[in-house]
Amino acid sequence: MTPHEMWYKYKQINPSIGDEIAAWAFGVEPDLLADLVFKGEKTATASAYDLYALEGESLPQEGTFDVILDSQNQAVCIVEITRVSVQPFNQVSAKHAYKEGEGDKSLTYWRQVHEDCFAEWLREAGLTFTPESKVVLEEFRKVYPL
């Protein structure tokens, strides 16, 4: 199903979502992570703060809706953003790591995987990753399909 088709179906249930569609896939393992969201095991994500400014993008906003895509840009589900915060990488909590639902859900696993990703993405943008680099933490809940 395309993002537009899924958005239209959900809009029949929740007309307040409007017409502007925000759709995205996870940067690493989009199919696996989208499936974890679909199953309700992944209710959070993190991204590199510095890349938002560099790309001129606004930070995610609580109360907005996003279509989660797979690697083929097909819609998997729709989530509502419930919480957004910015913290240094080295202050991300074990609770957040668990909500991300990846690997063994531990903070150790989360740090290892995310440090590698953030370091690579920032390096590609001409920036340097440090343990104090800011990350955008998002929490969400799947709203469609239920």
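For the numbers below, each heavy atom of this structure counts, side chains included, while hydrogens, waters and symmetry mates do not. FYI, the numbering just counts along the sequence from 1.
- Glu29 has its side chain out of reach of Glu102: every pair of non-hydrogen atoms, C-beta onward, lies at least 4.5 Å apart.
- Side-chain atoms of Glu100 and Lys42, non-hydrogen and from C-beta on, do get closer than 4.5 Å to each other.
- Cluster note: Val76 groups with Phe38 through ILVMFWY side-chain heavy atoms spaced under 4.5 Å, whether in direct contact or through intervening members.
- Trp110 has its ring centre less than 6.0 Å from the ring centre of Phe89.
- Considering CD1 of Ile78 and NZ of Lys11, their distance stands at 11.5 Å, rounded to 0.5 Å.
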Show me, pair by pair, the donor-acceptor contacts under 3.5 angstrom made by side chains of residues 54-67, not counting sequence neighbours?
unit_1, atom_1, unit_2, atom_2, d
Gln61, NE2, Leu59, O, 3.1
Glu62, OE2, Val84, N, 3.2
Thr64, OG1, Gln61, O, 2.6
Asp66, OD2, Trp24, NE1, 2.9

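- Tracing side-chain contacts under 4.5 Å through hydrophobic residues (I, L, V, M, F, W, Y), one reaches Leu137 starting from Val28; they form part of the same cluster.
- Nearest approach of Leu69 to Pro3, heavy atoms of both residues: CD2-CG, 3.5 Å.
- A distance-only check finds no donor-acceptor pair linking the side chain of Lys9 to the backbone of Gln12 [under 3.5 Å].
- For the atom pair CD1 (Ile81) and CZ (Phe140), the distance works out to 7.0 Å, reported to the nearest 0.5 Å.
- Side-chain atoms of Trp7 never come within 3.5 Å of backbone atoms of Thr2 as a donor-acceptor pair (strictly under, hydrogens ignored).
- Criterion: ILVMFWY side-chain heavy atoms under 4.5 Å apart, direct or through other members. Under it, Met6 and Val143 are part of a common hydrophobic cluster.
- More than 12 heavy atoms of other residues, nucleotides or ligands sit less than 6.0 Å from atom CD of Glu124.
- At a threshold of 4.5 Å between non-hydrogen side-chain atoms, the residues Tyr52 and Ser47 count as touching.
- The environment of CG in Asp19 is sparse: at most 12 heavy-atom neighbours from other residues, nucleotides or ligands sit within 6.0 Å.
- A heavy-atom distance below 4.5 Å is not found between the side chains of Arg141 and Thr43.
- Neither Tyr8 nor Ile17 shares a network with the other; the hydrophobic side chains, linked directly or stepwise wherever heavy atoms of I, L, V, M, F, W or Y lie under 4.5 Å apart, form separate groups for each.
- The OG atom of Ser133 sits 10.0 Å away from atom CG of Leu51, with the distance rounded to the nearest 0.5 Å.
- Pro88 is not listed as a side-chain neighbour of Pro131, based on a closest heavy-atom distance of 4.5 Å or more.
- The CG atom of Asn90 sits 7.5 Å away from atom OG1 of Thr130, with the distance rounded to the nearest 0.5 Å.
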Test log, rule side-chain contact (heavy atoms from CB on, under 4.5 Å), inputs Val37 and Val79: CA-CA 9 Å; Val37 173; Val79 298; 3.7 Å; yes
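- In this structure a side-chain-to-backbone donor-acceptor pair under 3.5 Å is missing from Thr45 to Glu138.
- The ring-ring contact (aromatic ring centres under 6.0 Å, His included) test applied to Tyr49 returns no partner, not counting sequence neighbours.
- With hydrogens and angles left out, the side-chain atoms of Gln87 and His96 include no donor and acceptor closer than 3.5 Å.
- Transitive grouping of hydrophobic side chains (ILVMFWY, heavy atoms separated by less than 4.5 Å) brings Val135 and Leu107 into a common cluster.
- Contact of the Lys99 side chain with the Arg83 side chain is not registered, since no non-hydrogen atoms from C-beta on lie closer than 4.5 Å.
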Step-by-step side-chain contact (heavy atoms from CB on, under 4.5 Å) determination, Ile68 to Phe26: CA-CA 8 Å; Ile68 303 300; Phe26 291 98; 3.8 Å; yes
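- Considering CD of Gln112 and OG of Ser106, their distance stands at 9.0 Å, rounded to 0.5 Å.
- The closest side-chain heavy-atom distance from Asp50 to Leu122 is below 4.5 Å.
- Closest non-hydrogen pair, His4 versus Ile21, comes out as CD2-CD1, 3.3 Å.
- In this structure, CG on Leu127 lies 13.5 Å from CZ on Phe118, to the nearest 0.5 angstrom.
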